[in-house]
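Here is the structure we will look at, set down as structure tokens.
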There are 2 protein chains.
Amino acid sequence: MHDELARFEAYLRTRGLRMTRPRETILRTFLETEGHLSADALLRETRKVDPRIGQATVFRTIHLIAEAGLAREACNDEGARTYEHLAGHPHHDHLRCSQCGRIIEFCDPEIEQRQAAIFAQFGFEPQGHMMELTGVCPECRRAMVARRSRQ
Amino acid sequence: MHDELARFEAYLRTRGLRMTRPRETILRTFLETEGHLSADALLRETRKVDPRIGQATVFRTIHLIAEAGLAREACNDEGARTYEHLAGHPHHDHLRCSQCGRIIEFCDPEIEQRQAAIFAQFGFEPQGHMMELTGVCPECRRAMVARRSRQ
DNA sequence: CAATAATTTGATAATGATTCTCATTATACG
DNA sequence: CGTATAATGAGAATCATTATCAAATTATTG
Ligand SMILES: [Mn+2]
Ligand SMILES: [Mn+2]
Ligand SMILES: [Zn+2]
Ligand SMILES: [Zn+2]
């Protein structure tokens, strides 16, 4: 946590920007929340600490946090963009149920390795990737089967 | 092309919907265009054929086309959602240059295989996936190196 | 074919997320 | 302090997408 605050401040300095009270409140709140968070959800959480923080500031700050390498976009399927922080949170990808929205996080070393190979094959300098598998989770499958047999 | 029109009509029938003039014009135009297309771009193309087609109809129809399994969302990074048709277009994923926006299409059998294994591992019924690698393409890397050494 | 029911269309308004504008406030630094 | 610079928050603006609804199309039936 301290580590992240320091890293954020360092990043801001390299860009001639300042670590301010609202920025610190937003970052602390963000780091305390696990899971995927939209800007709006982050605004609500942040306002529990300081109710006069503005929406625009949250949008501006979450961008800065991502640029500083402390967060990344999680999913962007529809509706609001969501972010997840990277503190004590190793890299992973997402498996999502299209029926109930449940998200499972996983990491597959073989896939990661192949991805690196593809960057190399096309001469790209790697920056990142996003992979999301979509399907129907076991619970929802059961519910679907039950519904079908009832009819 | 004929094949796709027939498949679309069949899909519409299963839902009690009708194959109409605007829907056919939109689908034909979509199939004639290679690459990734936003609803707005598709509207512009379609209006070259029939200028009085409405924007709402294009949004509605591209949804139906995707539901019918004739198209999928391509990328949705920012700005407008884009679609690509699946006719004579085998499955692939995307490698995108963050500097110039260039997109390379590729398919890696090993990754596809591991993805199937992950669906199985968590008991999910697979529906699809989206994977996008982001990096800097060779041209843009050269340009960046050149700029740096000039300073 | 006429009559009727159902679906589709396009213009327009509404929505929701994000970004912009700008007057006011906070911060850094000599 | 005093001055310069950056940041803030309220509200307006923007952009993609969806909803609304009266008019037009299409299918179905007698
Ligand atoms: Mn996650
Ligand atoms: Mn493609
Ligand atoms: Zn589920
Ligand atoms: Zn490039």
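The chains referred to below are lettered A, B, ... by the order of the sequence lines, with proteins before strands, and numbering in each begins at 1. This structure is a prediction, so every number in the text was calculated from the model and none was measured.
Donor-acceptor pairing under 3.5 Å, judged by distance alone, is present between the side chain of A/R18 and the base of D/dT5.
Note: CD1 (B/I26) to P (C/dT8) measures 13 Å, nearest angstrom. In this structure, CD of A/E73 is placed 13 Å from C1' of C/dA17, rounded to the nearest angstrom. To the nearest angstrom, C1' of C/dT19 lies 9 Å from CZ of A/R60. Residue B/E24 contributes atom CD, which lies 12 Å from atom P of C/dT9 at whole-angstrom precision. At whole-Å resolution of the value, CG in B/D50 and C1' in C/dT8 are 14 Å apart. Here the P atom of nucleotide C/dT7 and the CG atom of B/L12 are 13 Å apart, to the nearest Å. Atoms CG (A/L43) and P (D/dT8) sit 14 Å apart, rounded to a whole Å. The CG-C1' distance, from B/L27 to C/dT8, rounds to 17 Å in whole Å.
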Worked verdict on A/H91 versus A/E112 for side-chain hydrogen bond (donor to acceptor under 3.5 Å, both in side chains): CA-CA 10 Å; A/H91 169 72; A/E112 303 288 324; 3.1 Å; yes
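Between B/I53 and A/M19, it is B/I53 whose nearest contact on DNA chain C lies nearer the 5' terminus. In terms of position on DNA chain D, the residue among B/R21 and A/R47 whose nearest nucleotide sits closer to the 5' end is A/R47. Heavy-atom nearest nucleotides on DNA chain D were determined for A/T61 and for B/F59, and the one closer to the 5' end corresponds to A/T61.
Among D/dT18, C/dG10, C/dT18, the nucleotide with an atom closest to any side-chain atom of A/Q55 is C/dT18. When the nucleotides D/dG9, D/dT17, C/dT9 are ranked by their closest atom to the side chain of B/A80, D/dT17 comes out on top. Listed nucleotides: D/dT17, D/dG11, C/dG10. Nearest to the side chain of A/A56: D/dG11. The B/R23 side chain lies nearest to C/dT9 when the options are C/dT9, C/dT27, D/dA6. Each of C/dT18, D/dT18, D/dG9 was ranked by its minimum atom distance to the side chain of A/R81; first place goes to C/dT18.
The shortest distance between the side-chain N/O atoms of A/T20 and the OP1/OP2 oxygens of D/dT8 is below 4.0 Å. When the side-chain nitrogen and oxygen atoms of A/H63 are compared with OP1 and OP2 of C/dT19, one or more of them lie within a distance under 4.0 Å.
When all heavy atoms are compared, the tightest approach of B/F119 to B/G128 is CZ-O, 3.6 Å. Nearest heavy atoms, B/V136 versus B/S98: CG2-OG, 4.2 Å.
For the pair B/E45 and B/K48, the salt-bridge criterion is met [side-chain N within less than 4.0 Å of a carboxylate O].
B/R15 and B/Y11 share a side-chain donor-acceptor pair at under 3.5 Å.
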